[in-house]
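To start, the structure itself, in structure tokens.
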Amino acid sequence: MNFKSDQKTPSQSYFKHTVYGLRFLLKTEGLPYSYLHLPAIPKVKKLPTILSREEIWRMLQTAELLKHKLLIGLIYGCGLRCMEVRNIKLHTQNAAQ
């Protein structure tokens with residue numbers, strides 16, 4: 001195992017990859033999960049990082065293109081995730097309708 005010299009236990013990601021790999025092996029061999037007792041992987045609940053107004057203002061000032069400024073403002077103002085912004089579809093309406 002590749003542990004850092006100051007660590008006595010494997011990292012969380014190393015542990016997850018090991019358990020998921022063993023689960024995949026059991027699945028491919030057609031064995032039930034009960035064949036080998038694997039520990040549950042606890043879900044870590046972390047709060048998201050919130051940028052300050054000053055940080056957002058700096059991002060808006062450094063963006064050169066108007067579309068980048070618009071996207072930064074949209075993401076921040078609406079509290080959207082990047083994937084949600086990527087899925088936005090723009091539709092134009094004809095003024096004559």
Residues 61-72 side chain polar contacts: donor-acceptor under 3.5 Å, at least two apart:
unit_1	atom_1	unit_2	atom_2	d
Thr62	OG1	Arg58	O	3.1
Thr62	OG1	Met59	O	3.1

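- Note: the hydrophobic cluster containing Tyr20 also contains Leu26 (ILVMFWY, side chain heavy atoms under 4.5 Å, direct or indirect links).
- With sequence neighbours left out, Arg86 forms a salt bridge (charged side-chain N to carboxylate O under 4.0 Å, His left out) with no residue at all.
- With sequence neighbours left out, the side-chain hydrogen bond (donor to acceptor under 3.5 Å, both in side chains) criterion links Glu54 to Ser52.
- If you take CD1 on Ile56 and CG on Leu51, they are separated by 4.5 Å, rounding to the nearest 0.5 Å.
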Table please: side-chain donor-acceptor pairs of residues 78-85 below 3.5 Å, with sequence neighbours left out.
unit_1	atom_1	unit_2	atom_2	d
Arg81	NH1	Glu84	OE2	3.2
Glu84	OE1	Arg81	N	2.8

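- Note: the hydrophobic cluster containing Val19 also contains Leu31 (ILVMFWY, side chain heavy atoms under 4.5 Å, direct or indirect links).
- In this structure, Thr49 has no side-chain hydrogen bond (donor to acceptor under 3.5 Å, both in side chains) partners at least two apart in sequence or on a different chain.
- Looking at heavy atoms from C-beta onward, Arg53 lies in side-chain contact with Tyr76 at the 4.5 angstrom threshold.
- By the side-chain contact (heavy atoms from CB on, under 4.5 Å) test, Lys27 is found to be paired with no residue, residues two or more places apart in sequence or in another chain being considered.
- Phe24 contributes atom CZ, which lies 13.5 Å from atom NE2 of His17 (distance to the nearest 0.5 angstrom).
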